[in-house]
Structure formats: C-alpha cells, structure tokens
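First up is the structure itself, then whatever we jot down about it.
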Amino acid sequence: MTDLHFDHHSAECTADPVAYYRSFRETCPVGHTTAHGGFVYTTRYADVVRIARDDATFSSSRTVPGGDGTAIVIPRGPGLEQYPIELDPPEATEYRDLINPLLTPDAVNRLRPMIARHTTRIVDAFVERGSVDFVHDLTNPLPAAVTLDWLGFPEADWARLAGPIHDIFAAPADSERARRGAAGLAYLEQRIRELVRERRVTPADDAVTVLATARRPADAPTGAGQWYGEDELVSVIGLLIAGGVDTTTSLTGSVLVHLSRHPEQRQRLIDSPDLLDTATEEFLRVFAPSQSMARTTRVDTQVGGCPVRAGERVLIPWVSANHDPAVFAEPEQVRLDRDATRHLSFGIGTHRCAGAHLARAMFREMITQVLGRLPDFRVVEDGLVAYPTRGNQSGWDAIPAVFTPGRRSAGPAATAGSADAAVLPGDLDLVVTAAEPVAEGVLAVTLTHPGQGDLPPWTPGAHLGLRLPSGRLRQYSLCGDPDDRRHYRVAVLREPDGRGGSVELHTLARAGVPLSVRSPRNHFPLVPAGDYLFLAGGIGVTPILAMVRQASREGRPLRVVYGGRSRRSMAFADELCELVGDRLTLVPQDEQGLLDLPAVLATAGPGTAVYCCGPTGMITAVERECDRLGLGGQLHVERFTAGDDLEVTFDPADNTAFEVELARTGRTVRVPADRRLIEVLRETLPGLSYDCEKGYCGACETRVLAGTPEHRDSLLTDEERATGQTMMICVGRSASDRLVLDL
C-alpha cells in the first residue's frame, strides 16, 4: 500500500472536509499515511460500516497493541478510559445495559418538559437584546444544563462544567485554554466522585442515583451483585456529559449558520414546522459533530482490497461516509426533505451513540425556539470562529448574530414537549363520520367537527397529525377536496409489521369515534408550473390525488403514473381515472413489473414540475434518474415512513406468530402475527435499546441463541444472515416457532 499525504487534521481538510475526503475517495479511497505515526484511512460508506460493526477484527479498546492513549481517535491522546466506548464486546455490553434504560425514547420523552423549560429560560436571557453569541449564550449552556440537570448535578455546577467541556474541543492543542479545559475536567472528575458518594447515602430522582446504586448483574464476570466502582462510574458519567454537551453544541451551531446563509430554507422550516422531523436527519448527515473515529486492527486483514496489518490504526470518517454519492445522491446539497436516516453521525454497531434520542430532543427544541422567537436572525459572518481543526470534532467557538428584539416568555415554549405525550396548540377534537375500505388493506377515514362548523383550510400536499388513543401521533396526507370545508379525508394502509399506528387506526376507526387531530401542515406544496408529472407509489397516491384534483380544475397540462403491487391494492385508481382519463397510467407490479422510470422521466420538459410520493426505494430511484437527466431542480418529493421499502419485500399477510424466550430473565413472550417483535419486547423490557425502527442503524442488534431469525433489515451481510447469530429486532421476525434471544 503506497503512503499518501493524507492528514485529516491538516489546514486543507479543516477548510473543507467534504472536498478533502471526496478527492481521496475518487482517487484512492483506502490508503496508508505516515501522518500521526501512520494509519490507514478510509473514505467510503461501505468500508466505514464494515469496520465499525466488525468488533472481532477492529478493536475500540486500549488493550489491543497499537500505541498508548485514547483508542478511538487519531492521534491518540491522554485521559481516562471512556466506558463503554473504549471497550469491545462482551466487556462493553454490561455498561451499555447500565445506561441504555436512561436514554430510551420513552425516557427522553419524559425529559422534554425539562428541556423546554431550560431552553425558554436561556432564550429569555437574550431575546430582548437583539443580539447573541449563539455558542456562548445558547448552544453550549443549554445542552450542559439539560445533561447535568438530568444526571443530578446541582445548578451551581452547570456553568462551571459547561465551559471546560467546550474548551477541550474548541481550543488549539497545548494552548492555555486547552490547559484550563483539562483542569476543568479534573474538577468534573472530583464532582462525579462526590455526587456518586452522596447518592449512595441519599438517593434522589436523577440518573446518577440510578448509576450509583446499580448492582452488577448475576452473570457478571466479577463482583456479581456489587456496586460499580467509582473509577468505572467516573468513566461512564464523564462520557455521558461529554457526549451530551459539545456534540449538540456543534450540530445546533452549524445548522444556525447554515440557515442564516440560506434564509429560504429557514423560512420553509418556519412555514412548515413538521418538516423539521426530516430535516433533523439531513442536518445530522451534513453537519456531523463527530467527524471521525478510529479502530485498532487485531489481525491481518483487508479493507477495500488493501491489506491492513495487525496493530495498525484505521480511521473511520463519518463525515466522508455521510457524503458518499453511492448512498446519498448529490450529497453536498442540503435537502430538507431528503430521507437521510442512513447517516452515520451517531455511529453504527456496538458503539452507536446511546444518547441519540436526547441529542435530537435538545437540538429540536433549540431550533424550534430560535425559529419561533428570533425568526429573522442573521449571523455576523465576520465574527464566526470555527474549531482549530475538524479532524475529530467539528463545530464553532463563536457565532455572533443579530435579530429583531423579542419578548420574554411567560412560560415554556408552546411547541415544547413530546408530540406523542402532550396536546399541542392547534389540536382539533373531531369525530369520524365514515371509515370505508378503498383498496386491499387501505381504509379511507373521513372526519368532521362535532358542531358541523368549518374546518381550518388546507392545500394539496398537506397532512394531518392524528393523535391515537395509545398516544401515538401519526401523519397522514389529506386526500379529499380542499373546497370541502366540513370534512377531512385521509387513507391509511394497514401494516401489521409497521410501527403500530395503522393497525390501531384500522381497529378503532368507525362512525362516531372521536379523534384529536393537529391542524393541517404542508411542506409538500403544489407549486405553479407549465405542466405536471405526478408519480405515485402505493399509499403515496394520497397527496397526489389532491394535487391532481386541483391541477385539473385549473386546466393545467398533467400526466399521472401510478404504480402498486396489484390493482386490488391501488386506492383511488377509479377516482383518478374520472379526473384525468387517459392521462393516467396504471402500473400494477404483478402485471407489468416495476415502473420504467427512465422512460417516464424522459418525457419531462424544462417547465415540468415532477411530483413523487411513495416508498423510499421508489423515491431514491426517481431522485437518481432526475439527477442524471438534469431534472433535480424540478423534482418535489414526500416520503411516508410507515412501510418504507419493506412493504414491497415483505408481505404482512405472510407473518406468523412465534414465541421468544428472553435468556437472561427466563421469560417467554408470544409475538402475534399482527404485532412487531420490538413492540412486544418493549412491554417486557422498558430499557430496550433501539433507534431507527427500520433495520439499518444497528442499535437493536441482538444475539440469537436458538431458533432461526427471519431477517428484514438492510444492514447485515449475507454471511451474517446465514449464520443466524444476530438479528435486528426492530424489523426482524422468526422463521421458526421459537427464538431464544440474549435479552
């Protein structure tokens, strides 16, 4: 392997990491460099995923020969070991099991009122001034206050600990500021030890109490039933603080700078707040706080066809993987409606970030309040100060901004709190007037106001948020007539293997049933155009139907191409035919195969607006073909996430019931055909670790001790599937009557 002049800490990489990695990805995607004592660098998504998931070959531990100091970054540095991120399985598993229950989606939802309270307090402190340093005044103190409050540190510690954590990342090495940061971390260690001792004597309702009073499991290699040692807890709690604070500082700051530079995107988020759901993942992809990590090779192996020797260090750059065009079309564009959920900014595999849900919650609350309370903010570009190097961590040390002064809030932000747990302003109490099957597995639900009054207006492309009795909030596109102010109509595909909302709605929807509904929101609007090409896939026809109705009324030239598994599964085909006649092309997959997208899109002219809604696989294919044809600027998409592309591959009608034994507890649960495995497991194991619920992040990968798993993920390799040793329990099922899982 030839030595190349690669250095992720160089001035060239710091100036533009994306371009730097792109140049190597296009010329020598895997190579050896002599920088920082020598290491192997990678640039491609597939290589990064393979290394991050292969703990047997690539170690995160300091105990593996390859140098001294921190094992997970290049160059190595001093400091205490960080548990569990600097341990390999099975040693890491015990510590992950210790912290995971504190950071589940449900646990984070319970923290949302606290996050909102702190954000409101912090924004109140500067909102009347008309100027702010976002880093100093918001993005550093808010994550610090939330993280330290959650853990149980007294308020007097918050400001004293927030600064040093930021200094470590923002200060040049060997500077006086870096030394102050190191001293601050020494104080942090002291306070962790003091707080652990206090909580063991006087427990409180906080996370440190949970950790300080936890006992080692009965199957622990040593010390079963005993408390964890102070050194171990210093490592675990210190990592929770560092991981919870500056990473969120970095992400939020980068997004605020971007939105100031792109006011049209800022306005789009203000006009369509729900778009932040999708945009958050795109922002994480583009502005990954942790730019890279490292592993140490245990045995001689190969990466991307290049030999790597035992003991060599290997760089895995999340930033490069997130910009790999093999995975993300036109990766250097920021697309607020892109499905970017396969990004690696939280890592992947054993060490995927346990605090991902908390990071998202803090980020979203800060962005929501800034957009709502400082909507015209403008970053003062001349005052921006970036981190001195972006080799390991990216971010800003100063983000000065000005805005029209606003008012202090009388209480927590109106938008705060879990969408699945609290009634938000704009909710409507409606009643179901009709629930009618309109295709195989598709139910059309019509709602009206009990007093028969007019409903809030909506435009084609808008969706409703239906709040179900279980507390779930699910988004469904409006497919009725915008001129009918008395009724809303949505259509819902029943997906037994989905996230539970569609099954619940199919079960309860009947005339007279009350439902709470969030007022219509639209981040998929129909824009004026010379002509339209509408592409619908499966249940993605719902917003397209309303658009076609409006375009037809206006006499606009249009064509509609609608694909589905079979004619029986294609809702509203007759209604579309009545609207547009021979301008509709139906493509049932069981009769004609998949849509011929190149042929369809080749008919689009320079003034054609292309609208597409359907499964992720279809949208990705449309995006790539439009990019190839130069139509990217004319394409408008909306994704629905309930079924994703798994809808095409796995027919829920083929699901069977099975039993699962939880080996660690000895309990056995039954998974019915119409329920997901993870849904059943959550009822028994409330601390279960999971994230994407679609089978590609690796957060829920679980060892299979007996039985034959049915793999429905997109992460495991064919070899890993064949062994049947692990599975993604968020989407997987069982091909045998019984599974035994290491849970």
Side-chain angles (χ1 to χ4, degrees), residues 1-25 27-44 47-48 51-52 57-82 85-86 88 167-175 177-179 181-182 242 246 250 288-304 306-321 323 344 347 351 386-395:
M1 192 188 309
T2 303
D3 287 345
L4 299 173
H5 297 292
F6 176 96
D7 183 357
H8 56 308
H9 291 287
S10 66
E12 184 182 1
C13 187
T14 296
D16 192 344
V18 173
Y20 189 78
Y21 280 105
R22 182 181 66 238
S23 67
F24 282 91
R25 189 190 308 113
T27 56
C28 186
V30 181
H32 189 277
T33 177
T34 57
H36 308 293
F39 61 92
V40 174
Y41 71 83
T42 61
T43 61
R44 296 179 297 208
D47 292 330
V48 169
I51 293 166
T57 306
F58 302 96
S59 173
S60 301
S61 173
R62 299 188 186 192
T63 62
V64 175
D68 298 323
T70 309
I72 55 172
V73 294
I74 295 174
R76 291 178 180 268
L80 294 172
E81 281 187 278
Q82 302 172 71
I85 199 170
E86 284 192 282
D88 296 319
D167 288 342
I168 291 298
F169 294 107
D174 299 323
S175 65
R177 184 179 176 190
R179 286 188 284 273
D246 210 74
S250 166
S290 176
Q291 297 275 281
S292 69
M293 296 187 77
R295 299 289 187 265
T296 305
T297 312
R298 295 176 182 269
V299 296
D300 291 351
T301 186
Q302 289 189 348
V303 174
C306 296
V308 183
R309 298 186 302 275
E312 282 196 285
R313 308 273 283 138
V314 181
L315 185 76
I316 47 175
W318 313 122
V319 60
S320 183
H323 287 83
L344 300 182
H351 293 305
Y387 284 4
T389 170
R390 291 199 275 180
N392 296 332
Q393 195 81 6
S394 180

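Just so it is clear, the structure is predicted and the values come from calculations on it, not from any experiment.
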I'd like to know if the side chain of [X] reaches the main chain of [Y], judged simply by a donor and an acceptor atom lying under 3.5 Å from each other, with no hydrogens or angles considered.
{"X": "His323", "Y": "Val319", "answer": "yes"}
{"X": "Asp300", "Y": "Ala310", "answer": "yes"}
{"X": "Ser394", "Y": "Arg390", "answer": "no"}
{"X": "His9", "Y": "Ile74", "answer": "yes"}
{"X": "Thr14", "Y": "Ser10", "answer": "yes"}
{"X": "Thr301", "Y": "Arg309", "answer": "no"}
{"X": "Glu86", "Y": "Gln82", "answer": "yes"}

| task | Mind checking side chain to side chain contact (heavy atoms under 4.5 Å, CB included) for Thr43 and listing every partner two or more places apart, or none if nothing turns up? | result | Tyr21, Phe24, Arg25, Pro29, Tyr41, Ser320
| When you look at Leu315 and Thr42, which way does the side chain to side chain contact (heavy atoms under 4.5 Å, CB included) test go after all the steps? | CA-CA 6 Å; Leu315 185 76; Thr42 61; 5.5 Å; no
| message | When you compare the side chain of Pro289 with that of Gln393, does any pair of heavy atoms fall below 4.5 Å? | response | yes
| Do Thr70 and Glu81 have side-chain heavy atoms sitting under 4.5 Å apart? | no
What pair of heavy atoms forms the shortest contact from [X] to [Y], and how long is it?
{"X": "Val303", "Y": "Val30", "result": "O-CG1, 3.6 Å"}
{"X": "Ser292", "Y": "Gly391", "result": "OG-O, 2.7 Å"}
{"X": "Val40", "Y": "Glu312", "result": "CG2-OE2, 4.0 Å"}
{"X": "Gln302", "Y": "Pro307", "result": "CG-CA, 4.1 Å"}
{"X": "Arg313", "Y": "Thr296", "result": "NH1-OG1, 3.1 Å"}
{"X": "His32", "Y": "Gly38", "result": "CE1-CA, 4.4 Å"}

What's the spacing between [X] [atom1] and [Y] [atom2] if we round to 0.5 Å?
{"X": "Met293", "Y": "Ile316", "atom1": "CE", "atom2": "CD1", "result": "6.5 Å"}
{"X": "Ile72", "Y": "Ile85", "atom1": "CD1", "atom2": "CD1", "result": "4.0 Å"}
{"X": "Asp7", "Y": "Thr33", "atom1": "CG", "atom2": "OG1", "result": "6.5 Å"}

| query | Judged by modelled atom types alone, do Arg295 and Ser60 share a side-chain donor-acceptor pair under 3.5 Å? | reply | yes
| query | Do Asp246 and Tyr387 have side-chain atoms, one donor and one acceptor, less than 3.5 Å apart? | reply | yes
| message | Tell me every residue that passes side-chain hydrogen bond (donor to acceptor under 3.5 Å, both in side chains) with Ser61, counting only those two or more places apart in sequence or in another chain. | response | Thr63
| request: Could you walk me through whether Arg298 and Asp88 pass salt bridge (charged side-chain N to carboxylate O under 4.0 Å, His left out), step by step? | output: CA-CA 12 Å; Arg298 295 176 182 269; Asp88 296 319; 2.5 Å; yes
| query | When the aromatic ring centroids of His8 and Phe39 are compared, is their separation below 6.0 Å? | reply | yes
